Amino acid sequence: MKTLKKLLLYRYGITVAILLIITTLILYMFTPSILKDWPILMGSLVFILAAILIVSLRIQRVISSDLEEMGNALESLVLKKKLEAMPLPQLGELFDFAQNLETIAIRIRENYHMLEMEKERLETILASIETGILALDSDGKVNLINPAGERVLGVTRDYALGKTLTEIHPATAIDQAVEEAREGKGVSLEIDIFTPRKRTLSVRANPIIMEDGNIIGVICVLDDITPTRRLERIRRDFIVNVSHELRTPVSNIRALTEALQSGAIEEKERAQRFIADLDKESQRLANIIDDLLTLSRLESEEITLEEELVSASEIVSEAVVEKAALAEKYGVKLFLRNPEADITFYGNASMVKTAISNLLDNAIKYNREGGKVEVNIEELGGELLINISDTGTGIPKKDLNRIFERFYRVDKARSRDTGGTGLGLSIVKHVVEFHGGQISVKSREGEGSTFTISLPTPT
């Protein structure tokens, strides 16, 4: 801008010089006739030079003012990204220059707008990605981190920007992967982190390489694979447990069959006992298979909830009546409180009845002789509550958080003696959650337990 000022002033300086030369020539031509009036001549010359000087100074101020305004406008556009329109100059000779600057300013504004749109689009995309993404510059400092990356590392964007990974998180394995990527090598590994909580991460770090081969930074991708690894572990445990649970009755059936084939079938008393055991083991095997199929259906994405209006008192009463004989067998008194309660819910009556039956089974079989089981129905705060309380052995505090796991048993020996598959409470939990409800338990070892099913009621 200063150079432009100098050029324009130089131009007007030449103009002034030319005017002076012309004035001098004119005076020289008329000198013989007006030489006698030299005071007038000198006065006129001084007046003309003063007028020229005033005009030149005025032009200089106008030029400086116009250029300063346009310079400030460009500075505001480039640095502050704010400019409605380029100011028009007072000097006509600068009008074309101002128009050219206005064209450039329009292009710059359009580019800024496009850049802002692309930035918002990129931020929206990064925010919607559940995988943590970090961009680091050539010095290994973070210059971009998406919300998923903030959650994985337990940091905020403002805190992380401008810092190295070592400064924002104690996991040295991630920092080492980034360092290798800065040297031009892609890195992929799995690590366990313990801050902000225990997680298993898949870490991928790759260099950002320009066309000329220069590495200008690193892209680091952090994928939380904790749920995947947990599911794999559950699947492995499930297969092991199923194999173990099926092996026991199958082995018993084979042993009883071999005993019968070896001659026990000729002995009536032994044969009857063995056949009764065969029936018991085959029934146990059938129960395991039935429960596994039930769990499979509940966990299947294809199953849908039947939207039928169900009477809670009706299905609970049916379940209590069906378990009356079992309660008598174990010497347990079975009570249904508030059987006339007119409470309904939407769902699958058969599934919920199965869940209640499973809870009643446990409450009766794990009770003491002469004990009791109470079932109560009530509506509270827009929810159906089904409480099943017993006076049985209770559940140790250390086991309360695991009783709804598949094949988990508090008392393994007694569970097998009573024909339990270890899947009953898992089925109950799946059924209740499938209906949008919750199940909770309160228990004290040696005093009994209370299981509570809560289901939403029609509004």
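Because the structure is predicted, anything quoted here is derived from the model rather than measured. Because only heavy atoms are used, hydrogens play no part in the values below, and waters and symmetry mates are left out as well, while side chains stay in.
A cation-pi arrangement, defined by a distance under 6.0 Å to the six-membered ring centre and an angle within 45 degrees of its axis, is present between Lys163 and Tyr159.
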Exercise for the section: Could you give me the CA-CA distance, side-chain angles and deciding distance for Glu447 and Thr391, then say whether side-chain hydrogen bond (donor to acceptor under 3.5 Å, both in side chains) is met? Expected result: CA-CA 6 Å; Glu447 297 182 12; Thr391 57; over 6 Å; no
Practice task
Verify side-chain contact (heavy atoms from CB on, under 4.5 Å) between Ile216 and Asp137, making sure each step is shown before the conclusion.
Solution key: CA-CA 6 Å; Ile216 62 170; Asp137 59 22; over 6 Å; no
Problem - Evaluation steps, side-chain contact (heavy atoms from CB on, under 4.5 Å), between Leu201 and Ile193 - result: CA-CA 7 Å; Leu201 301 182; Ile193 64 172; 3.6 Å; yes
Handout entry: Criterion salt bridge (Lys or Arg N to Asp or Glu O under 4.0 Å) on Lys353 and Glu322, from CA distance to verdict
Key = CA-CA 11 Å; Lys353 181 181 173 182; Glu322 292 174 3; 2.6 Å; yes
Exercise for the section: Before giving the answer on side-chain hydrogen bond (donor to acceptor under 3.5 Å, both in side chains), spell out for Ser313 and Asp342 the whole-Å C-alpha distance, their side-chain angles and the decisive distance to 0.1 Å. Expected result: CA-CA 7 Å; Ser313 58; Asp342 185 19; 6.0 Å; no
Exercise for the section: Given salt bridge (Lys or Arg N to Asp or Glu O under 4.0 Å), test Asp192 with Arg199 step by step and report yes or no. Expected result: CA-CA 6 Å; Asp192 290 326; Arg199 281 284 183 267; over 6 Å; no
Exercise for the section: Could you give me the CA-CA distance, side-chain angles and deciding distance for Glu167 and Thr164, then say whether side-chain hydrogen bond (donor to acceptor under 3.5 Å, both in side chains) is met? Expected result: CA-CA 5 Å; Glu167 294 176 298; Thr164 64; 3.3 Å; yes
Problem - CA sep, side-chain torsions, deciding dist, call: Val203, Val221, side-chain contact (heavy atoms from CB on, under 4.5 Å) - result: CA-CA 6 Å; Val203 180; Val221 179; over 6 Å; no
Practice task
Test side-chain contact (heavy atoms from CB on, under 4.5 Å) on Val428 and Ile439 and set out the steps.
Solution key: CA-CA 8 Å; Val428 172; Ile439 183 167; 3.3 Å; yes
Exercise for the section: Given side-chain hydrogen bond (donor to acceptor under 3.5 Å, both in side chains), test Asp224 with Thr226 step by step and report yes or no. Expected result: CA-CA 6 Å; Asp224 185 355; Thr226 307; 2.7 Å; yes
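Remark: the backbone N or O of Thr131 is not paired with any side-chain donor or acceptor of Asp223 at under 3.5 angstrom. Here the side chain of His169 pairs a donor or acceptor atom with the backbone of Thr195 at under 3.5 angstrom. Counting only distance, with no hydrogens or angles, the side chain of Glu445 and the backbone of Gly394 share no donor-acceptor pair below 3.5 Å. Formation of a donor-acceptor pair under 3.5 Å by the Asn146 side chain with backbone atoms of Ile133 is found in this model.
Heavy-atom contacts from other residues, nucleotides or ligands closer than 6.0 Å to CZ of Arg337 number more than 12. No more than 12 heavy atoms of other residues, nucleotides or ligands lie within 6.0 Å of CD in Glu328, so this atom counts as exposed by the packing criterion. Atom CD of Gln438 is surrounded by 12 or fewer heavy atoms from other residues, nucleotides or ligands within 6.0 Å. Under a cut-off of 6.0 angstrom, the local environment of NZ in Lys372 is sparse, with at most 12 non-hydrogen atoms contributed by other residues, nucleotides or ligands. When the shell of 6.0 Å around CZ of Arg273 is examined, it contains more than 12 heavy atoms from other residues, nucleotides or ligands.
Taking CG from Leu326 and CG from Asp361, the interatomic distance works out to 5.5 Å, rounded to the nearest 0.5 Å. Between the CZ atom in Arg204 and the CD atom in Glu190 there is a gap of 10.5 Å [rounded to 0.5 Å]. Atom OG1 in Thr344 sits 11.5 Å away from atom CD in Glu314 (nearest 0.5 Å). If you take OG on Ser357 and CD on Glu318, they are separated by 9.5 Å, rounding to the nearest 0.5 Å. How far CD1 of Ile377 is from CG of Leu384: 7.5 Å, rounded to the nearest 0.5 Å. In this structure, the separation between CZ on Phe335 and CG on Asn376 is 13.5 Å, given to the nearest 0.5 Å.
Across every non-hydrogen atom of Lys323 and Ile364, the tightest pair is O-CD1, 3.8 Å. Heavy atoms only, all atoms of each residue included: Pro456 and Gly436 are closest at CD-O, 3.7 Å. Shortest non-hydrogen contact noted between Ile403 and Asp399 is CG2-O, 3.1 Å. When all heavy atoms of Ala160 and Ile168 are compared, the pair lying nearest together is CA-CG2, 3.9 Å. For Val373 against Ala363, the heavy-atom pair with the smallest separation is CG2-O, 3.6 Å. In plain terms, the two heavy atoms of Leu336 and Ser317 that are nearest each other are CD2-OG, 3.4 Å.
Looking only at side-chain heavy atoms (C-beta outward), Leu425 and Phe451 come within less than 4.5 Å of each other. Proximity of Glu369 to Tyr330: side-chain heavy atoms (C-beta onward) are nowhere separated by under 4.5 Å. Contact check for Gln272 versus Ile275: no side-chain heavy atoms found under the 4.5 Å cut-off. For the pair Val178 and Leu136, the minimum side-chain heavy-atom distance is below 4.5 Å. Residues Leu153 and Leu134 have side chains in contact (heavy-atom distance under 4.5 Å, counting atoms from C-beta outward). Phe345 is not listed as a side-chain neighbour of Leu309, based on a closest heavy-atom distance of 4.5 Å or more. Ile386 is not listed as a side-chain neighbour of Thr452, based on a closest heavy-atom distance of 4.5 Å or more. Contact annotation: the side chain of Leu334 never approaches that of Val332 to less than 4.5 Å [non-hydrogen atoms, C-beta and beyond].
Under the side-chain hydrogen bond (donor to acceptor under 3.5 Å, both in side chains) criterion, Arg151 pairs with Glu130, not counting sequence neighbours.
Just one of His430, Lys429, His435 meets the side-chain hydrogen bond (donor to acceptor under 3.5 Å, both in side chains) condition when paired with Glu433; it is Lys429.
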